A.B. asks: 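Sending over a structure as structure tokens; questions will come in a sec.
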Amino acid sequence: LGSLTNGLQMFYQNSLTNLPSGVLLSNLTNGSNMFYNNSLTTLPSGMALANLTNGQQMFRDNGLTTLPSSMTLSSVSNGLQMFVLNSLTSLPNAMTLASLTNGTQMFQSNSLTTLPSAMTLPNLTSGASMFKENSLTALPSGMILASLTSGTDMFNGNSLTTLPSVMTLASLISGYSMFKNSSLTSLPSTMVLASLTVGQDMFNNNSLTTLPSAMTLASLTNGSYMFRDNALTSLPSAMILDSLTNGTAMFLGNTINTTRYSQLLVDLEADNPNDGVTFHGGNSEYNTTGETARDALIVRTWTITDGGLE
């Protein structure tokens, strides 16, 4: 198969358990569904797939536990579900995925504990469920994810305790459940999330005590369950939430200090033009100034749940 460039569905849904050592597929560009739903546990040690651009579902539903050390996938732009539902515990050190734009579900439901230190994913735009349901505790220090627009479920179901200090997520629009059920205690100071509109469940069930001082969430519309079950006691002073339309359970399980929470209510009443918003302030209490603003919001058919008047 040395000259093969298109392997579309070539061995789709067979019962292959191994490949001949000479099958390197060095000229393959399209591997879409090529070995989908087989029983492969290993690949030939020399299989680098240096010219592959489309790896969509190429090895989906096999039993791979490791990949060849020479496999860089440096040209792959579409990795949709490429290794989903395997048993990978690690990736080759040389695998940077520098050309990857679509990583949707690429490594979902494996057993990864670490990622290659050089994996920064500079061109990734869709990382939806890319590493969902693995066992990652940390990410490469240079992973900025500056081009990412969809991070839906990207790291959901891992055990992350920290994020790279350079991670900005500057282009992120949907962060739905992105870091749900991790163990984060803080976020990088560079993480402003200025473009984020969907933050639903993004940091649900972590251990955050503070947020970056520059985080405003100015574009956020759906913040439901975003910070549920954390340990926040304050919010950045510039966080006004003036675009928010859904704040259901947003701060449930947190207790923002009275002065800051009261100011948030004042800002919401003055700067958020939306009516009929559901908002949860957790166990936070408000002062008399906050009470006036809160009452005005309720007149505008807001539904607000919090800890009440101090």
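Keep in mind that this is a model prediction, so the values were computed, not measured.
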A.B. asks: Indicate, with yes or no, if V23 and L8 share a hydrophobic cluster defined by side-chain heavy-atom contacts under 4.5 Å among Ile, Leu, Val, Met, Phe, Trp and Tyr.
C.D. replies: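 Hydrophobic grouping puts L8 apart from V23.
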
A.B. asks: Determine whether a donor-acceptor pair (N or O, by modelled atom type, separation under 3.5 Å) exists between the side chain of N110 and the backbone of V84.
C.D. replies: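 It does not hold such a pair.
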
A.B. asks: To the nearest 0.5 Å, how far apart are CZ in F35 and CG in L25?
C.D. replies: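 Answer for the CZ-CG pair, F35 versus L25, is 5.5 Å.
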
A.B. asks: Hey, does the side chain of N14 reach the backbone of L16 with a donor-acceptor pair shorter than 3.5 angstrom?
C.D. replies: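 Not a single qualifying donor-acceptor pair exists.
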
A.B. asks: Quick one: OG1 on T29 to CG on L49, what's the gap to the nearest 0.5 Å?
C.D. replies: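 Here the rounded value is 11.0 Å.
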
A.B. asks: State the OG-CG distance between S219 and L244, to the nearest 0.5 angstrom.
C.D. replies: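 Reported to 0.5 Å precision, the distance equals 12.0 Å.
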
A.B. asks: So, the side chain of N230 versus the backbone of G253: is there a donor-acceptor pair under 3.5 Å, distance only?
C.D. replies: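 Checked: no pair found.
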
A.B. asks: Compare all side-chain heavy atoms of T113 with those of T89 and state whether any distance is below 4.5 angstrom.
C.D. replies: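 No. Closest side-chain heavy atoms not under 4.5 Å.
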
A.B. asks: Atom CG in L265, atom CD1 in I256: separation rounded to 0.5 Å?
C.D. replies: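 Atom-to-atom, L265:CG and I256:CD1 are 11.0 Å apart.
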
A.B. asks: Between N222 (side chain only) and S224 (backbone N and O only), is there a donor and an acceptor less than 3.5 Å apart?
C.D. replies: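 Side chain of N222 to backbone of S224, a donor-acceptor pair under 3.5 Å: yes, one is there.
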
A.B. asks: Look only at the side chain of T53 and the backbone of S75, and say whether a donor-acceptor pair between them is shorter than 3.5 Å.
C.D. replies: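 No; judged by distance alone, with no hydrogens or angles, the pair does not exist.
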
A.B. asks: Would you say that L100 contacts M106 through its side chain, given a criterion of any heavy-atom pair below 4.5 Å between the two side chains?
C.D. replies: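 Yes, close enough: below the 4.5 Å cut-off.
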
A.B. asks: Kindly check if the number of other-residue, nucleotide or ligand heavy atoms within 6.0 Å of CG (D271) is above 12?
C.D. replies: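 Yes.
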
A.B. asks: Is a side-chain donor-acceptor pair under 3.5 Å present for E291 with N287?
C.D. replies: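 Note: N287 and E291 side chains miss the donor-acceptor criterion.
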
A.B. asks: Would a 4.5 Å heavy-atom cut-off, applied to side chains only, mark L4 and M10 as touching?
C.D. replies: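 The answer is yes, as the side chains (C-beta and beyond) meet within the 4.5 Å cut-off.
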
A.B. asks: Are V76 and M95 close enough that some pair of their side-chain heavy atoms sits under 4.5 Å apart?
C.D. replies: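 Side chain of V76 against side chain of M95, heavy atoms only: no contact under 4.5 Å found.
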
A.B. asks: Does G276 offer a backbone N or O that forms a donor-acceptor pair with the side chain of T301 under 3.5 Å?
C.D. replies: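 It does hold such a pair.
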
A.B. asks: ring-ring contact (aromatic ring centres under 6.0 Å, His included): which pairs involve residues 138-185, sequence neighbours left out?
C.D. replies: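 Pairs touching residues 138-185 that pass the test: F131-F155, F155-F179, F179-F203.
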
A.B. asks: Let me confirm one number: the OG1-CE distance from T248 to M226, rounded to the nearest 0.5 Å.
C.D. replies: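 With rounding to 0.5 Å, OG1 (T248) is 14.0 Å from CE (M226).
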
A.B. asks: Are any of the side-chain heavy atoms of D306 and R294 separated by less than 4.5 Å?
C.D. replies: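 They are in side-chain contact.
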
A.B. asks: Can you find a heavy atom in the side chain of M71 that is under 4.5 Å from one in the side chain of M47?
C.D. replies: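 A side-chain contact exists here, since the closest heavy-atom pair is under 4.5 Å.
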
A.B. asks: Are R228 and D201 ion-paired here, with the side-chain N under 4.0 Å from a carboxylate O?
C.D. replies: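 Judged by the 4.0 Å cut-off on N to carboxylate O distance, R228 and D201 do not form a salt bridge.
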
A.B. asks: Is there a donor-acceptor pair closer than 3.5 Å between any side-chain N or O of N78 and the backbone N or O of N54?
C.D. replies: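 Side chain of N78 to backbone of N54: no pair is present.
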
A.B. asks: Do S141 side-chain atoms and P164 backbone N/O form a donor-acceptor pair below 3.5 Å?
C.D. replies: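 Flag not set: sc S141 to bb P164 has no pair under 3.5 Å.
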
A.B. asks: Is it true that a side-chain atom of D267 and a backbone atom of I240 form a donor plus acceptor pair closer than 3.5 Å?
C.D. replies: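 Judged by distance alone, no pair lies under 3.5 Å.
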
A.B. asks: Answer yes or no: is there a donor N or O on one side and an acceptor on the other, between the side chain of N38 and the main chain of Y36, under 3.5 Å?
C.D. replies: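 Indeed, once roles are kept as given, a pair shorter than 3.5 Å links the two residues.
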
